[in-house]
Protein chains: 2
Amino acid sequence: MSDTNNIDKIGQLLRQGGMSVTEKRVQILHLFFAQPGNALRHADIEQQLGSMDRVTIYRTLHTFLEKGLLHTIPNADGTAMYALCKDECHEGHHHDDHVHFLCSQCGVTICLDGIVVPQVKLPQGYAARQMEMVISGTCQTCNI
Amino acid sequence: MSDTNNIDKIGQLLRQGGMSVTEKRVQILHLFFAQPGNALRHADIEQQLGSMDRVTIYRTLHTFLEKGLLHTIPNADGTAMYALCKDECHEGHHHDDHVHFLCSQCGVTICLDGIVVPQVKLPQGYAARQMEMVISGTCQTCNI
DNA sequence: CGCATTTTTGCAACGTTGTTGCGAATTTAA
DNA sequence: TTAAATTCGCAACAACGTTGCAAAAATGCG
Ligand SMILES: [Mn+2]
Ligand SMILES: [Mn+2]
Ligand SMILES: [Zn+2]
Ligand SMILES: [Zn+2]
């Protein structure tokens with residue numbers, strides 16, 4: 001997908017979710033569309049966008065999260081990671097049942113959109129609502 | 001298991017791992033043995049032990065982690081959770097392949113020691129080393 | 001046991017991540 | 001174009017975690 005196509009799609013997505021189309025939101029969302037499967041931390045965005053205020057990045061990530069544009073990925077180190085949702089996600093209603101991969105060599109976090117989190121049978125009395133699966137190891141690039 | 005038995009076992013475990021047996025370590029480990037399947041946060045320990053220094057708690061958790069007495073549980077909110085390892089875990093070599101359950105009602109995090117994380121087939125080129133699975137929903141107690 | 005050595009603890013100070021309040025700037029809608 | 005609503009940047013704060021260092025406690029040995 002070309003860069004201009006991404007920018008068109010971004011404006012459209014924002015309006016669809018009832019958000020105003022601002023320069024900052026477009027810039028941040030553009031980073032995610034540049035590498036669709038990749039998760040980003042707040043710090044990654046701050047670094048790549050140089051001059052944007054920290055608080056604006058935090059608030060934008062929250063907005064995108066609740067509007068169903070991004071989802072979070074649980075990780076052992078304490079920092080939040082965000083990645084693009086598929087089109088089926090909407091405001092307050094996520095459909096992200098895929099496995100996440102964390103490369104312990106290069107640090108990249110990847111959505112394995114094709115791999116669905118397998119069901120497990122819980123002990124009597126437990127009711128599952130959401131299942132998260134994170135696999136760590138070495139990624140395609142680091143294995144060459 | 002009785003309280004005195006726990007205290008015996010705790011001293012034994014510490015010596016086995018080559019750690020000195022100190023009052024603080026015994027107190028912290030005792031909390032974990034009091035409710036074996038339950039995970040604890042730094043803040044839980046600080047609250048339950050009242051007068052212990054924050055830094056001592058952090059350092060003790062790290063020590064127990066690297067000695068194979070505790071393992072961490074990845075979670076979406078940014079705080080680290082710790083739970084007792086099984087006997088098969090040793091220094092720098094964990095064997096924790098069980099599913100974790102997080103109750104979104106009462107907040108408890110539980111090791112489902114009997115439920116093994118299922119295998120998944122990764123795309124070509126990825127090499128898995130560790131797999132984490134966290135299921136959230138409502139626990140036995142909250143479902144009554 | 002008594003004593004020297006090693007390890008742990010508490011305190012203070014600092015770093016990082018994330019949140020909140022508020023006025024200025026931007027976006028939207030009329 | 002203009003007024004209202006929203007967003008942005010700054011400052012200040014809070015929570016979580018780390019590091020250096022001196023005092024206290026644990027360990028090992030004669
Ligand atoms: Mn994902
Ligand atoms: Mn566990
Ligand atoms: Zn990699
Ligand atoms: Zn519960």
Side-chain angles (χ1 to χ4, degrees), chain A residues 7-8 10-31 39-67 69-82 91 107 109, chain B residues 7-8 10-31 39-67 69-82 91 107 109:
Chain A
I7 291 183
D8 287 353
I10 283 169
Q12 198 182 318
L13 264 176
L14 291 173
R15 267 181 289 265
Q16 269 177 26
M19 291 169 269
S20 4
V21 180
T22 70
E23 187 192 354
K24 315 294 165 183
R25 284 178 181 162
V26 172
Q27 283 179 17
I28 291 178
L29 207 43
H30 192 257
L31 283 185
L40 296 175
R41 277 182 280 266
H42 175 277
D44 300 324
I45 298 169
E46 192 175 15
Q47 189 210 321
Q48 292 189 49
L49 294 183
S51 66
M52 194 178 298
D53 188 78
R54 294 172 358 93
V55 180
T56 301
I57 299 174
Y58 281 117
R59 290 201 264 232
T60 305
L61 289 170
H62 287 165
T63 303
F64 290 171
L65 193 66
E66 76 179 43
K67 293 293 184 176
L69 266 59
L70 298 179
H71 61 278
T72 53
I73 298 158
N75 62 345
D77 94 330
T79 60
M81 306 217 58
Y82 298 84
E91 180 157 358
T109 299
Chain B
I7 291 182
D8 286 353
I10 284 167
Q12 197 181 319
L13 264 177
L14 290 173
R15 268 181 287 265
Q16 267 176 27
M19 291 169 270
S20 3
V21 180
T22 70
E23 187 192 354
K24 315 296 166 181
R25 286 180 180 161
V26 172
Q27 283 179 18
I28 291 178
L29 207 43
H30 192 258
L31 283 184
L40 296 174
R41 276 181 281 265
H42 175 276
D44 300 324
I45 298 169
E46 192 175 14
Q47 190 210 321
Q48 292 188 49
L49 294 184
S51 66
M52 195 179 297
D53 188 78
R54 299 170 52 244
V55 181
T56 301
I57 299 173
Y58 281 118
R59 289 200 266 232
T60 304
L61 290 170
H62 287 166
T63 302
F64 289 172
L65 192 65
E66 77 179 45
K67 293 293 183 177
L69 267 59
L70 299 179
H71 62 278
T72 53
I73 298 158
N75 63 344
D77 95 331
T79 61
M81 306 218 58
Y82 298 84
E91 180 156 359
T109 299

- prompt: What closest approach, in Å, do B/H71 and B/L65 show between heavy atoms, and which atom pair accounts for it?
  reply: CA-CD1, 3.8 Å
Chi angles and distances behind the side chain to side chain contact (heavy atoms under 4.5 Å, CB included) call for A/R25, A/I28: CA-CA 5 Å; A/R25 284 178 181 162; A/I28 291 178; over 6 Å; no
- prompt: Roughly, in whole Å, what's the span from CZ in A/F64 to C1' in D/dT7?
  reply: 12 Å
task: Send over the distance from A/M52 CE to D/dC10 C1', rounded to a whole Å.
output: 15 Å
- prompt: Given that B/S20 and B/T79 both sit by DNA chain D, which one's nearest nucleotide is further toward the 5' end?
  reply: B/T79
- request: Could you pick out which residue, A/T60 or B/G78, lies toward the 5' side of DNA chain D when each is mapped onto its nearest nucleotide?
  value: A/T60
- prompt: Going 5' to 3' on DNA chain C, which nucleotide is the first and which the last to come under 4.0 Å of a heavy atom in chain A?
  reply: C/dT17 to C/dT28
Spacing of A/I57 atom CD1 relative to D/dT7 atom P, expressed in whole Å: 17 Å
message: From the set D/dC8, D/dT19, D/dG9, return the single nucleotide nearest to any side-chain atom of A/T22.
response: D/dC8
- prompt: Does A/R54 offer a backbone N or O that forms a donor-acceptor pair with the side chain of A/H42 under 3.5 Å?
  reply: yes
message: Just the rounded figure in Å: distance from P of D/dC8 to CG of A/L49.
response: 12 Å
task: To the nearest Å, give me how far apart NZ (A/K24) and C1' (D/dC10) are.
output: 14 Å
- request: Please report the shortest heavy-atom distance between B/L13 and B/M19, naming the atom on each side.
  value: O-CE, 4.4 Å
task: Check whether any side-chain heavy atom of A/I45 sits under 4.5 Å from a side-chain heavy atom of A/L61, and report yes or no.
output: yes
task: Tell me what B/R25 touches on the nucleic acid: a base, only sugar-phosphate, or nothing, going by heavy atoms under 4.0 Å.
output: sugar-phosphate
field: Between CG on residue B/L69 and CG on residue B/L14, distance to nearest 0.5 Å
entry: 6.5 Å
task: Can you tell me the distance, in whole Å, between the NE2 atom of A/H62 and the P atom of D/dT7?
output: 15 Å
- prompt: How long is the line joining OH of A/Y58 and C1' of D/dC10, in whole Å?
  reply: 15 Å
message: Would you compute the distance between atom CD1 of B/I57 and atom OH of B/Y82 and round it to the nearest 0.5 angstrom?
response: 11.5 Å
- prompt: In whole angstroms, how far is the C1' atom of D/dC8 from the CD1 atom of A/I28?
  reply: 11 Å
statement: So CD of A/Q47 and CZ of A/R41: to nearest 0.5 Å the spacing works out to 10.5 Å
- request: Pick base, sugar-phosphate or nothing for A/A43, based on heavy-atom distances below 4.0 Å to the nucleic acid.
  value: nothing
- prompt: Taking five pairs at each end, how big is the angle between the two axes of the helix from C/dC1-D/dG30 to C/dA30-D/dT1, to 10°?
  reply: 40°
Main-chain N/O of A/T79 paired with A/N75 side-chain donor or acceptor, under 3.5 Å: yes
